[in-house]
Amino acid sequence: MHTLRYDAGAGAYDRLTGRWSRMYVDRVLDEAGVGRGNQVLDVATGTGDAAIAAADRVGTQGRVLAVDISSPMLHEAMAKAGARRIEFAQADAQRLPCAASSFDAIVCLFGLMFVPDQIAALSGFRRVLRPGGCVVATSWATPAQAPFAGLVAEALAEELPPDRADLLRPFSLADPDANAALYEAAGFSDIRVRLETRSSPFTSFDGDYWEPIEAGGGRLGQAYLGLPEAARHRVRERVLAQLPVRSTSEPFVLQHSAWVAVASAQ
């Protein structure tokens, strides 16, 4: 059984999922209304892209607390943050170590999909938000709509059927109606779930797209490295066959889409 966790893949995370997730940071902070003097909580901060951008916005009068369940990811985030005024803490999104009504905004980039009890987590978000504060969270659309990871996850699932649910967990909130229902169940109002699409250029398959998988980046890279050599070859060839390329050295472009959920605490 493979341990599909972010811890072991933290070092190469920014070359894999982080490369695409950071493209949504500005939109998320805009939706959350993050500005000078705000108190912001970044849940599932990963390697800290949202927290870093938030700290630059709130200035010295504001506060940014970034939490993640993975200690190695937090270490990567702290190294990237440099001298910025960001508090980092290891914490479970379902049990936030924060006082009630202490934040103006909560952001969660591509983390809610992995939380076992999502309603419990969102209820906790609502508890620590001030009245009128908002949460903004992103989640990937379907594997086909996020092929940078979706193609790899589905190819790995062919080799690891018992791990299929874990491998495809990044896409578990791809239904916008089910996504919105979670916020409603947690007591939020003014809920909006909108699709955002970005484009990513790749210089080549081998040197750009596949390199972070070979380096063990994220959960998918760790699952890939755990396979026997023949199975790794099958995964690689299965993914390559579905990309818009004729060779492993030519450049190509992929689009990827994510849902941006915005909800208010009253």
Side-chain angles (χ1 to χ4, degrees), residues 1-24 44 46-47 68-70 73 108-116 118 137-176 178-179 195-200 202 205-206 208-245 248 252-260:
M1 184 68 178
H2 294 266
T3 303
L4 305 177
R5 300 179 63 193
Y6 277 115
D7 287 14
Y13 177 86
D14 277 344
R15 303 201 304 278
L16 188 64
T17 308
R19 173 176 177 172
W20 299 283
S21 63
R22 70 174 63 97
M23 292 184 179
Y24 299 86
T47 59
D68 201 284
I69 200 168
S70 169
M73 294 288 269
C108 181
L109 269 76
F110 304 102
L112 193 60
M113 304 96 72
F114 303 103
V115 177
Q118 293 158 344
T138 56
S139 55
W140 295 117
T142 64
Q145 291 172 297
F148 68 88
L151 294 179
V152 181
E154 291 188 322
L156 285 166
E158 292 291 319
E159 301 293 333
L160 298 164
D163 294 337
R164 182 176 183 82
D166 273 328
L167 288 163
L168 294 176
R169 198 171 301 281
F171 316 101
S172 60
L173 293 179
D175 181 337
N179 201 337
L195 194 66
E196 288 280 321
T197 300
R198 303 286 187 269
S199 293
S200 290
F202 296 86
F205 176 82
D206 279 335
D208 195 0
Y209 179 97
W210 202 247
E211 185 276 331
I213 297 293
E214 289 283 2
R219 302 162 73 251
L220 300 181
Q222 289 299 299
Y224 173 79
L225 292 183
L227 292 171
E229 183 177 353
R232 292 199 301 271
H233 177 75
R234 288 193 296 271
V235 168
R236 180 183 183 279
E237 293 304 303
R238 194 176 291 128
V239 172
L240 180 59
Q242 297 180 73
L243 291 173
V245 293
T248 61
F252 62 99
V253 176
L254 290 180
Q255 286 194 324
H256 45 91
S257 297
W259 295 106
V260 179

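Predicted, not measured: the structure shown is a model, and the values here were computed from it.
Closest heavy-atom contact between G216 and Q222: O-NE2, 2.8 Å. In terms of heavy-atom proximity, A153 sits nearest to L167 at CB-O, 3.5 Å. Shortest non-hydrogen contact noted between L220 and A149 is CD1-O, 3.6 Å. Of all heavy-atom pairs spanning S172 and M113, the tightest one is OG-O, 3.4 Å. Of all the heavy atoms in A44 and C108, the pair that sits closest is CB-SG, 4.3 Å. Taking all atoms of both residues into account, the shortest heavy-atom contact from L195 to Q145 is CD2-NE2, 4.2 Å.
Exactly one residue among Y24, F114, F171 makes a ring pair (Phe, Tyr, Trp, His ring centres under 6.0 Å) with W140. That residue is Y24.
Separation of atoms CG (L151) and CG (L156) is listed at 11.0 Å; rounding is to 0.5 Å. The NE2 atom of H256 lies 9.5 Å from the OG atom of S21; values are rounded to the nearest 0.5 Å.
Side chain of T138 to main chain of V260: no donor-acceptor pair is present (N/O by atom type, distance under 3.5 Å, no hydrogens or angles). Checked by atom type and distance alone, the side chain of R219 pairs as donor or acceptor with a backbone atom of D166 at under 3.5 Å.
Put simply, the side chain of P244 does not reach to within 4.5 Å of the side chain of V253, judged on heavy atoms. Using a 4.5 Å heavy-atom threshold, the side chains of W259 and L173 count as separate. The shortest distance between side-chain heavy atoms of Y209 and V245 does not fall below 4.5 Å.
Listed by chain and number, the residues in a side-chain hydrogen bond (donor to acceptor under 3.5 Å, both in side chains) with E214 are W210, Y224 (sequence neighbours excluded).
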Result block: side-chain N/O donor-acceptor pairs under 3.5 angstrom for residues 233-241, not counting sequence neighbours:
unit_1	atom_1	unit_2	atom_2	d
R234	NE	E159	OE2	2.9
R234	NH2	E159	OE1	2.9
R236	NH2	D206	OD1	2.4
R236	NH2	D206	OD2	3.4
R238	NH1	A155	O	3.0
R238	NH2	E159	OE2	3.4

Please list, one pair per line, the donor and acceptor atoms closer than 3.5 Å that link side chains of residues 225-232 to other protein atoms, with sequence neighbours excluded.
unit_1	atom_1	unit_2	atom_2	d
R232	NH1	L227	O	2.6

